[in-house]
Amino acid sequence: MLKFIHSSDLHLGKRFANMPEEIRGRLREARHAVLGKLAEAARDHGASVILIAGDTFDTETPSPEIRRQTLAEMAAHAPLQWIILPGNHDSLQASQLWNALQAEAPANVVLAMEPRPIMLSADATLLPAPCTTRRPGRDLTEWVDNAATPDRNIRVCLAHGGILDFSEDGDASGIIAPDRAKRSGLDYLALGDWHGTMAVDPRTHYSGTPEPDRFKHNEPGRALAVEIPAAGAEPIVTPVETGTFSWSTQPLHLLSEDDPAALVRQLLPEGVKRRQTLMRILASGRTRPDGRASLAATIEHAAPEFAFLALDDAGLETDCEAGDLDAIDKAGALRIAAEELLTDSDNTALSAAERQVAREALLRLFSYSQKIAS
Amino acid sequence: MKISALRLHNVKRFAGKGVALENIQEGVNVFCAANEFGKSTSFEALHALFFQAHTSTAKDVRSLQPYSGGAPMVQADIVTGNGRYRLTKRFLSSKHASVTDLENGRLIAQADEAEQFISSLVRGGTAEPAGLLWVRQGVTGIDQRDKREEENEKRIRESLLTSVQGEVEAITGGRRMSAIIERCSEELSQLVTDKLKPKARGPYAVAIEERDRLVAEEQRLRGEVERLREALDQRAQIVKRLAVLEDAEEEASRRSAVEKATAVFEAAKAHREALKAAEAEARLAHSQLEKAEQDFVAFRTASKRSKELQAELATVEEERRNALARRNEVSLAMDKALSAAQAAAAEEQEARQLLQRLDAALKARQAAEELILLRERLQQAEALRASHEALKAELANLTLPAGLIDKLQKLEVEIAGLRAAKEASLPTLRMQYQPSATVGVTVSGKQLEDGAEQSFDDLVELEIAGAGTLILRSNRPADADAMLLRKEAERRKLLEAASLADLAEARAREASVQAKLSDLKQLELRLEHLAPEGLARLRELVAQRELLGASVPDVEGDPEVVRTRAAEAAQKLTDANGRIREAQPQRSRADDALMAIETRHAKIIAELTQVDSVLGAADARASREQSLEASYFQQKQNFEELNQKVEKLQLAAPDLAAAEAALQRARSVQDAANKEKTNLHIKLAELNTEIRNKSDEAVEEAWREAEDALAITNERVARFQKEVAVLVRLRSALQQSRSAARDLYLQPVIKELRPLLNLLFDDVSFVFDEKTYLPQSLRRNGQDESIEVLSGGMKEQLSILTRLAFARMLAAHGRPAPVILDDALVYSDDDRIEKMFDALHRQSRDQQIIVFSCRQRAFSKLGGNVLEISDWRPEA
C-alpha cells in the first residue's frame with residue numbers, strides 16, 4: 001500500500017514580465033502558495049510523500065530567496081516527505097542550484113539527483129530519472145528496465161519529459177518511451193513537463209502544473225493523489241485542484257448579426273472568481289462597427305474586475321453597410337472618404353496590412369464622427 | 001423640390017396650438033413678422049422636419065417642445081417631379097412620421113420608411129449639398145456652434161476667397177470634416193512629428209526607447225546566462241576530470257611508472273659509459289695499427305720504386321746522348337745553308353748595282369743627242385714668234401673700224417647728189433665777149449672765159465676792166481647749202497678719225513690689211529709645226545735634256561752579261577734560303593726532344609733521391625723491413641681483440657633513447673596530471689565564484705523577465721506603428737476627399753456667383769482669375785482694394801449669394817432646392833438690401849426662395865409673395 005501526491009512544473013520564481021505589473025506579485029505569490037496546497041492535499045489524502053516530477057524551479061538560477069523560502073516551506077510541513085526531481089528547466093547541469101539545495105535541504109526533502117533506487121517504504125521503491133542537462137537527447141528512463149527492486153515491491157518511476165512528439169517547450173529531443181511502465185514493470189510512472197493533466201495509460205500520468213502560468217491549457221491547476229494498494233495493482237488516481245488562478249483563452253466567433261457584447265458577457269465568469277481569473281477573448285468572424293465598439297467597451301468595462309482580461313480581435317472582420325456609413329455622414333466629402341476607406345478595406349489588390357489599415361481607419365472615422373456629432 | 005405649405009402644432013410658444021403658412025409659391029416668398037411672432041419657430045420647425053429623425057431626442061428636437069410639454073408636430077406639403085406629398089412628423093412623447101400622397105390621399109410611408117423618403121428628398125448624391133439651403137440670422141449654416149468655433153471662423157474667413165470656401169464647406173459638410181481632421185491630427189501629433197517621426201517624449205517614442213533598452217538588456221542578460229551555462233558546463237567537466245586525476249590508484253600507478261622508467265634509464269646509461277671506454281681503446285689500437293701498416297707499406301713501396309727508377313734512369317741517359325748527337329748534326333747543316341745564302345745575296349747585290357750604273361750612262365747619252373735637235377727647233381720657233389708679234393702689231397694699226405667704208409661710200413653718193421642739185425640751182429653767168437673785146441672780165445682775178453658758163457653762190461664780183469666791179473648777188477636763202485655742208489662735215493669727221501684722206505685711201509688700206517692677215521696665218525701654221533705643245537713646253541724639254549745630259553757616268557760593261565749574272569745570284573740565294581727553311585724545323589724538333597729528355601732525367605734523379613732517403617742506408621734495408629713487418633702484425637692482433645670486445649658490448653646495449661623517452665613520458669604524465677590538477681583547482685575556484693555570483697543574481701530569471709517584457713514592448717511598438725498608419729491613412733483619405741470636394745464645388749459656385757456679385761456691387765468690380773475663376777482683387781471707384789478684410793454685411797451677403805449660386809447649380813442639375821433665409825441680412829444697409837432683393841428676384845425665376853424676417857419696414861420693399869400666418873388644427 002502506497003499513497004503519494006504526484007505533482008510537477010511548479011516553476012517557482014517565474015516573474016511574469018509579460019503580464020501587467022499589478023498582478024505579477026500575486027502570480028508569483030500564488031506559485032509559492034502552491035507548496036502549502038500540495039501539503040494540504042497530501043494530508044487530506046493520507047499521503048506521506050509528495051513527488052515533484054521536475055521543473056520545481058523556473059530557471060537554473062533561482063534567486064537565493066526563492067530557493068531558501070521553498071526549502072523553508074517544505075521543512076515546515078515535516079514529517080511530510082518531498083522528493084524533488086531535476087527537470088529540464090532546473091537540470092543537473094545547474095550544479096550550483098543542486099549543490100546549494102544539497103547543502104541547505106532539510107531532512108524531509110530528498111533530492112533525486114541520481115538514477116538510483118530510493119526506498120519509499122519497506123514495500124515501495126522509487127526509480128527516479130533526473131534530467132542531466134537541459135536537453136538530454138535520450139530516454140533517461142531506460143535504466144529503469146533493468147533496475148532491480150526487492151521482490152513484491154511497488155515500483156514507481158519519477159521522470160520529466162515528453163512521451164510523444166509533444167513537449168511543453170516544443171522540444172521533443174528526449175522522448176520517454178510511452179510504454180515504459182509496461183516495459184519496466186512499473187506500478188506507476190509519474191511524469192512532469194506537460195502543464196496539463198493527462199493520463200497516458202492507467203499507470204502513466206502527467207500531473208500537470210498545480211498552478212497554471214500560461215493560457216495554453218485552459219485547465220485549472222491540479223495535482224494527482226495516487227494510491228497503489230499493492231505491487232501489480234492498478235493505481236487509484238484522484239485529481240486535486242490546487243490552483244489559485246484560472247487561466248483561459250475563450251474563442252468568440254461572431255456573425256454579423258450577433259450582439260457581440262451579449263455573447264461575450266456569457267463567456268465571462270461572474271462574481272469574485274473574476275479576481276482570480278486571467279482570460280483572453282479570441283474574437284473571430286464578422287461584426288458591424290458598432291458591434292465592434294460595444295465588444296471593446298464591454299471588455300474594457302469588465303477588465304478591472306479581472307486579474308487579467310484582454311481582447312484579441314485581430315481575427316475579427318468588420319462588416320460595413322450603407323447604414324453604418326450614414327452614421328458618419330449621409331453625403332459630402334466625409335461620406336466619400338468613408339466609402340473610399342471601405343473600398344480599400346476589401347480591395348484584394350492591396351496587401352493584407354494595407355486593407356487592415358484602411359479598415360481600422362474607417363472604424364476610427366466612425367468613432368470620431370460619433371463623438372463629434374454628440 | 002418645392003415647399004407649398006408649412007404647418008406646426010404644439011411647437012415652442014404655440015403650446016397646444018396650431019399655425020400654418022399656406023400657399024407658399026415659386027419665386028420669392030416673404031414671411032415678415034415681428035419678433036416672437038413665430039418666425040424663428042417656423043424656421044426651426046421646418047429644419048427639424050427635414051433633418052431630425054422623429055425618434056431623435058437631440059437638443060434641437062427638445063427645444064421645439066413648449067414649456068407645457070407634449071409632442072411637437074410639424075407638417076409640410078411639398079411638390080417634386082414625381083408628385084405632391086404631405087410630410088408629417090411628431091416628436092418626443094408620440095413619435096411618428098408619415099408621408100401621404102396628396103393626389104389620392106394615400107399614406108405611402110410611415111416611421112423609418114417615411115424618414116427614408118424625407119432624407120432622399122434633401123439628400124443629393126453622395127458629396128452633394130442637401131436639397132435645402134439655409135441661411136440663418138448672423139451666421140452661416142444652421143448648425144449649433146460654440147463661441148470659439150465662431151471666432152475661429154471669423155478669423156479664417158476674412159477674405160473673399162476664404163469666405164466663399166467656408167460657405168462651400170458649410171454647405172458640403174466640410175466643417176465636421178475639419179473637426180475630424182483636426183481630431184485625427186491631434187491624436188497623430190501626440191505620437192509623431194509632422195514628418196511622421198516618433199515624437200520625442202511622446203508615448204510612441206517612449207515605447208521605442210523602452211524597446212531599444214529592453215533589446216539591449218535582453219541581449220546582455222542572455223549573454224550572462226550563456227556565460228553562466230558555459231561556466232556550469234565547464235565546472236562539470238572540471239569536476240569530472242579532477243575525480244579522474246585525483247584517484248589514488250591512478251596516482252600510484254603514475255608514480256611507479258616513473259620509478260620503473262628511471263631504473264631502466266640508469267642501467268642503460270651505465271652500459272653506454274662502458275661501451276664508450278671500450279670504443280675509445282679500440283680506436284687507439286686502430287690508429288696504431290694504421291700507423292704500423294702505413295710504415296710497412298711505405299717501405300716496401302719505396303724499395304720497389306727505387307729499383308724501377310734505376311732502370312729508367314739508364315734508359316733516359318741513353319736517349320739523352322742520342323738526342324744531343326741529333327741536334328748537333330742538324331745545327332751543322334743549318335749553319336752551312338746560312339753561309340751559302342749570305343754569299344749568294346752579296347753576289348746578287350753587286351751585279352744589280354753594276355746594271356744600274358750601265359742604264360744611267362745610256363740614258364745620259366740619249367739626252368745629249370736630243371738636246372741639240374730641240375735647241376735648233378726652239379731657235380726657229382722663237383724667230384717665228386717674233387715676226388708673228390710684229391705683224392700683229394702692224395695689223396692693229398691698219399685695221400679700220402667695221403662698216404667705215406660702207407658709211408663713207410654712202411656719204412659720197414649723197415654729197416654728189418646734193419652738189420649736183422646745188423649746181424643746178426645756182427645762178428650762172430656766162431660772158432659772151434665780143435669778138436673784139438679786149439678787156440676781159442675777171443672774177444677774183446681770173447678771167448672769165450668766153451662762153452663759159454659759170455655759176456656762183458652768193459656774191460660774185462666781176463671786175464670788168466675799166467668798167468669797175470660788177471657785183472652780182474644771188475640772194476639765195478642762207479641755208480640753201482646746209483644739208484650739203486652737214487654731210488661734208490660728217491665725211492670729214494669720219495675720215496679724220498681714221499686718219500684717211502678720202503674713200504680711195506680707205507679702200508687701199510682695207511686691201512693691205514687682208515694681205516697681212518694671210519701672212520699671219522702662214523706664220524702661225526709654221527709655229528705650230530715646230531712647237532706643237534707650245535713654246536713653253538719646248539723650253540721645258542730643252543731644260544730636261546740639258547739636265548740629263550749634263551753628266552754622263554763613266555761605266556764600262558755589257559749590261560746583258562751583268563743582268564744574267566744577277567739572275568744567277570738570285571737563284572742561288574733562293575736555293576740557300578730553301579735549305580735554311582728545311583733545316584730550321586729539324587733543329588727545333590731536336591731541341592725539343594733534348595729538352596724533354598733532360599726533364600725526365602732530372603725528375604728521375606729527384607725521385608730517386610727521395611726514395612733513397614726513405615729506404616735509408618742501403619746496407620740496413622733488409623733488417624729494417626723485417627722489424628716493420630713484425631710491428632704491423634702485432635698491432636693488428638691487438639686491435640682485433642679490442643674490437644671484438646666493443647662488438648660484444650654493442651650487441652648487449654639497451655636502447656638508451658627509448659629508455660629516456662619512456663622516462664620522460666612517465667614523468668610528463670605525472671607532471672601534467674599534477675599541473676592540470678593545480679590549474680583545474682584554480683579554474684574551479686574561479687568558476688565557483690562566478691557561478692555563485694550569477695546564481696545569486698538570478699540572471700536567468702532576469703533574462704526571462706526581460707524577454708517577456710521585450711515581447712510586450714514589441715507588441716506595444718507595433719500597436720503604435722499601426723495606430724500611426726491608421727491615423728495617417730484616415731487623415732490622407734479625409735484631406736483628399738475634402739480637396740476633391742473643394743475642387744468639385746468651389747469653381748462652379750464661383751462661376752455662378754460672379755454675375756450675382758456684379759449685380760449686387762455695381763460700384764465694385766471683382767477681378768477673377770481666368771483659369772480658376774477665383775476672385776483675385778476688388779476694384780472700387782477705379783481703385784484696387786484689398787479683399788483681405790470684408791465687412792460683416794458683405795460676409796452675410798456673400799453667404800446668401802453663395803447659396804443662391806448653389807441653388808442655381810442644383811437647379812441646373814435638375815434638382816431644384818428651396819433657399820430658406822432667416823433674417824439673413826442684419827448687417828446690411830437698406831441700399832444694399834434693395835440690391836439684394838433684386839438679386840433674389842433675379843434668381844427666383846426658376847427657384848423657390850422663402851424669406852423669414854422681422855424687419856417689416858425694410859422687407860416691405862422686397863415684394864414677392866407675402867405669407868400670412870393662420871390658425872390650423874391638425875386632423876385627428
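Reminder, nothing fancy here: chain letters follow the sequence lines and each chain counts from 1.
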Top contributor to chain B contacts, counting heavy-atom pairs under 4.5 Å, from A:Asp344, A:Leu363, A:Thr133: A:Asp344

Validation row: B:Arg704, A:Lys14 side chains within 4.5 angstrom (heavy atoms): no

Heavy-atom proximity to chain B below 4.5 Å, by part of A:Ile66: side chain

B:Glu686, CD: over 12 other non-hydrogen atoms inside 6.0 angstrom: yes

Option in B:Val239, B:Ile691, B:Thr713 with maximal non-hydrogen atom pairs under 4.5 Å from chain A: B:Ile691

Side-chain touch A:Tyr368/B:Glu187, heavy atoms, less than 4.5 angstrom: yes

Side chain, backbone, both or neither of B:Ala236 within contact of chain A (heavy atoms, under 4.5 Å): neither

Nearest atoms (heavy-atom pairs only) where B:Ala709 meets A:Ala17: N-CB, 3.8 Å

Residue pair B:Arg235 / A:Ser95: nearest heavy atoms and the distance that separates them: NH2-OG, 2.7 Å

From CD (A:Glu340) to OG (B:Ser737), nearest 0.5 Å: 7.5 Å

Close side-chain approach of A:Pro62 and B:Glu701, heavy atoms under 4.5 Å: yes

Interatomic spacing from CD1 in B:Ile712 to CD in A:Glu21 - rounded to 0.5 Å: 12.0 Å

Chain A neighbours within residues 217-231 of chain B, where any heavy atom lies under 4.5 Å away: B:Leu228, B:Arg229

Nearest heavy-atom neighbours spanning A:Glu60 and B:Glu700: N-OE1, 2.7 Å

Neighbourhood of chain A inside residues 722-736 of chain B, taking heavy atoms under 4.5 Å as contact: B:Lys722, B:Glu723, B:Ala725, B:Val726, B:Leu727, B:Arg729, B:Leu730, B:Ala733, B:Leu734, B:Gln736

Options A:Arg67, A:Arg359, A:Arg15, ranked by heavy-atom pairs under 4.5 Å with chain B, top entry: A:Arg15

